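Note that the coordinates shown come from a computational prediction; the quantities given were computed from them, not determined experimentally.
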Amino acid sequence: MIPESDSAKTPAHGIRLDLVAGLTAAAVVLPKAMAYATVAGLPVAVGLYTAFLPMLIYALLGTSRVLSFSSTTTLAILAGTQLGLVVPDGDPAKLIVAVATLSALTGAILVLAALLRLGFVASFISSPVLTGFKAGIGLVIVLDQVPKLLGVHFTKQGFFRDLLSLIDQLPETSLLTLAVAAGTLLVLLGMERLWPHSPAPLVAVGGGIAASWFFGLDGQGVAIVGLIPQGLPSLTLPDLDLVEQLLPGAIGIALMSFTESIAAGRAFADSSEPPIKANRELLASGAANLGGALFGAMPSGGGTSQTAVVRAAGGRSQKAGLVTAGAAAATMLFLAPLLGLLPYATLAAVVIVYSVGLIQPGEFRAIRRVRTMEFRWAVAAFFGVLIFGTLQGIVVAIIISLIALASQSANPRVYVIGRKRGADVLRPLSPEHPDDETFPGLLILRPEGRLFFVNAPLVAEQIRALLDRYQPRVVVLDLSRVPDIEYSALQMLIEGERLIAERNITLWLAGLNPRVLEVVRHAGLAERLGRERMLFNVRAAIERYQNLPAA
C-alpha cells in the first residue's frame with residue numbers, strides 16, 4: 001500500500017475532499033428534497049429552499065462534522081399531515097405561509113429545549129419503538145406516492161381506506177405515466193445496486209426532464225411540476241393565527257427532527273472527531289429551522305442516507321454542507337425553468353426508493369431474537385402509525401416507550417448468587433452453571449436497578465419467596481447493582497429487616513455505593529445493623545460468614 005504523501009494531508013486537500021463531498025451530496029440531496037416537498041403537498045421549490053438556508057445555518061453551528069441537514073421522509077410526511085389540517089384546499093400561497101409557521105414553531109421549540117438543556121430527550125423513543133414507527137411511516141409514504149406512479153387521483157382518508165381506494169382506481173392507470181415511473185425506478189435501483197451512494201437521484205431527475213422535453217409528456221397526460229420561481233426565496237413571515245393549530249404537530253416534528261439528527265450524527269461520527277453535543281445540536285437544529293422558516297423552508301433535520309453520502313465521498317467538515325447549500329442556491333438561480341419539466345411520476349419514484357429503506361424487516365427479526373417484548377412494542381408502534389395517523393403515531397411511540405421504561409423499572413429481577421467452583425467468580429445461579437457452589441445457611445441475593453415505591457413491593461415479594469425456599473441463617477443483600485434507594489423502598493427494607501429477624505434470619509448488606517450508603521446512614525439502618533453487618537462487597541461477606549462459629 002502506498003503511504004499517503006504529506007501534500008495529501010494539507011488543508012487544501014481537505015478542502016478538495018469537502019468540495020467533492022458537498023457536490024456529490026447535492027446530487028443526491030436536491031432531487032430528494034424536491035421529492036419530499038411533494039410528500040408534504042408543497043411546491044417542489046420548497047424542497048430547494050430547505051436544502052439551502054437550513055443546510056447553511058447548521059453547517060455554521062452544528063457539532064457533527066458530516067451531518068447533512070435538510071428534509072427527510074419522516075419530517076415531510078409529518079409536515080404534510082399538519083399542513084393538510086390548516087390548508088385543506090391546498091392553496092400554494094397559504095401553504096407557504098403555513099409551512100413557514102410550522103418550521104418557525106419547530107425551531108423555537110428546539111431552541112427552547114436547548115436553553116433548558118433537554119438534550120437527553122433524544123432517548124425518549126427507544127430503538128425498537130423507533131424501528132416500528134419508521135416502518136409505519138415508510139409504508140404510509142409508499143402508499144401516498146403510488147397514485148403518482150400510476151397517474152390516478154383520490155381523496156386521502158387514512159391508510160387502510162386509501163389502500164382500498166387505490167385498488168378501485170387501478171383500472172384508471174395511465175400507461176405512459178407508469179412507463180415514466182418504471183424507467184425512473186430502473187435507473188434508481190440499478191445505479192444504487194451497482195454504485196452505492198451514487199448520484200442516482202440526479203441521473204433519474206435529469207432523465208425525467210429530458211424525456212419530458214423530448215417527448216412532450218405534458219401534452220400527453222403526464223403530470224409535470226410546472227412553473228418554479230427562479231431566484232432565491234423571498235422573505236416569508238409566519239402567521240401567528242396558525243400557532244395554536246400547528247403547535248401540537250410542531251412539538252412532535254421537533255422531537256423527531258432532533259431524534260433523527262442526533263442518531264445520524266452519532267452513526268457517522270469518526271472516533272478521531274469531537275463528540276456530538278446534544279444540547280448544542282438542539283440549538284443548531286432550532287436555528288436552522290427558524291432561519292429556514294423566514295424563507296418558506298420545510299421543517300428540517302439530519303438525514304441518514306444523505307449523511308452517508310457525505311462520509312462515503314470523503315467529507316471531513318461542514319464545508320461540504322456549505323458546498324451543498326451553494327449548489328441549492330445555484331439551482332434556484334439558474335436551473336428553475338428546466339426543473340419545471342420534471343414529471344411527478346419521477347419524483348414519486350425517488351420518494352419510494354428512498355422511503356422503502358425505512359421499512360427494515362431484518363431489524364424486526366433481530367429485535368425478536370433478542371427480546372420478544374420489545375418486538376411487540378415495535379409492532380405496536382408500527383400499527384399505531386397505520387391506524388391513528390403519522391402525527392398521532394409519534395404520541396403512540398412515546399407512550400409505548402414510556403410504558404416499556406416503566407415496565408422494566410417496575411419489574412427488577414432478584415438473583416441468587418453463587419461462586420464458580422475453583423475460581424473467585426460470583427454470578428447468578430443458572431442451569432447453565434449447575435456446578436456453582438453455594439454456602440449452607442448463607443443466601444446471597446442481588447437486586448438490580450433503582451429501588452423505588454413502584455418496584456419495592458415486587459422486590460420484597462421475590463425476596464420473601466427465596467427466603468421461604470432456602471431457609472437461610474444469614475441473608476446477604478448485594479446492593480452493588482442498585483444505584484439509588486428511594487424513601488419508600490428504604491422504609492420497606494427497614495421493616496423487612498425487622499420481620500426476618502423475628503424468623504431468626506440475620507440481614508447483612510454488601511456492596512453499597514456512596515449514595516446508597518449515605519441514605520442508609522441517614523435512615524438509621526446502618527447504626528441498627530452495625531459495622532459487622534455492613535460489608536464492603538460479597539466476597540468479604542462470604543469470608544466473614546465462613547469465619548462465624550457454627551450454630
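- When all heavy atoms of Ala35 and Val351 are compared, the pair lying nearest together is CB-CG2, 3.2 Å.
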| request: Step by step, work out the salt bridge (Lys or Arg N to Asp or Glu O under 4.0 Å) result for Arg369 and Glu363. | output: CA-CA 10 Å; Arg369 281 197 302 269; Glu363 191 68 25; over 6 Å; no
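- His153 places none of its side-chain heavy atoms less than 4.5 Å from the side chain of Pro147.
- In this structure the side chain of Leu358 reaches within 4.5 angstrom of the side chain of Thr73, judged on heavy atoms.
- A heavy-atom distance below 4.5 Å is found between the side chains of Lys148 and Thr38.
- Across Ala25 and Val310, no two heavy atoms sit closer than the pair CB-CG2, 3.7 Å.
- Aromatic ring orientation, Tyr58 versus Phe69: parallel (interplanar angle below 30°, classes split at 30° and 60°).
- Without hydrogens or angle criteria, Asn289 side chain to Ala104 main chain gives no donor-acceptor distance under 3.5 Å.
- The two residues Gly231 and Leu333 come nearest to each other via the heavy atoms CA-CD2, 3.8 Å.
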| task | Verify side-chain hydrogen bond (donor to acceptor under 3.5 Å, both in side chains) between Gln157 and Ser165, making sure each step is shown before the conclusion. | result | CA-CA 9 Å; Gln157 297 176 314; Ser165 297; 4.6 Å; no
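- Side-chain N or O atoms of Asp218 include none that pairs as donor or acceptor with a backbone N or O of Ile224 at under 3.5 Å.
- Panel note: side chain Ser103, backbone Ala297; a donor-acceptor pair is recorded below 3.5 Å.
- Annotation for Glu244: atom CD does not count as buried by contact number, only 12 or fewer foreign heavy atoms lying within 6.0 Å.
- At least one side-chain heavy atom of Leu347 sits under 4.5 Å from a side-chain heavy atom of Val225.
- Counting heavy atoms from C-beta on, the side chains of Lys32 and Tyr36 come closer than 4.5 Å.
- Other residues, nucleotides and ligands contribute more than 12 heavy atoms inside 6.0 Å of the CZ atom of Phe364.
- At least one donor-acceptor pair under 3.5 Å links the side chain of Ser261 to the backbone N or O of Gly302.
- The closest donor-acceptor contact from the side chain of Thr72 to the backbone of Leu75 lies under 3.5 Å.
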| request: Determine, stepwise, if the pair Lys94 / Asp239 fulfils salt bridge (Lys or Arg N to Asp or Glu O under 4.0 Å). | output: CA-CA 10 Å; Lys94 294 179 181 177; Asp239 184 351; over 6 Å; no
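- Other residues, nucleotides and ligands contribute at most 12 non-hydrogen atoms within 6.0 Å of the CZ atom of Arg368.
- Remark: the backbone N or O of Thr63 is paired with a side-chain donor or acceptor of Glu281 at under 3.5 angstrom.
- Judged by distance alone, the side chain of Thr324 and the main-chain N or O of Ala320 form a donor-acceptor pair under 3.5 Å.
- Salt-bridge check for Glu260 with Lys134: passed, with a basic side-chain N closer than 4.0 Å to an acidic carboxylate O.
- Side-chain contact between Leu130 and Met256: present, with at least one pair of heavy atoms (C-beta onward) separated by less than 4.5 Å.
- Put simply, the side chain of Phe160 reaches to within 4.5 Å of the side chain of Ile387, judged on heavy atoms.
- With hydrogens and angles disregarded, no donor-acceptor distance shorter than 3.5 Å links the side chain of Ser300 to the backbone of Pro54.
- A side-chain donor-acceptor contact under 3.5 Å links Thr307 to the backbone of Ser68.
- Looking at heavy atoms from C-beta onward, Leu149 lies out of side-chain contact with Thr184 at the 4.5 angstrom threshold.
- Between the side chain of Thr177 and the backbone N or O of Val222 there is no donor-acceptor pair closer than 3.5 Å.
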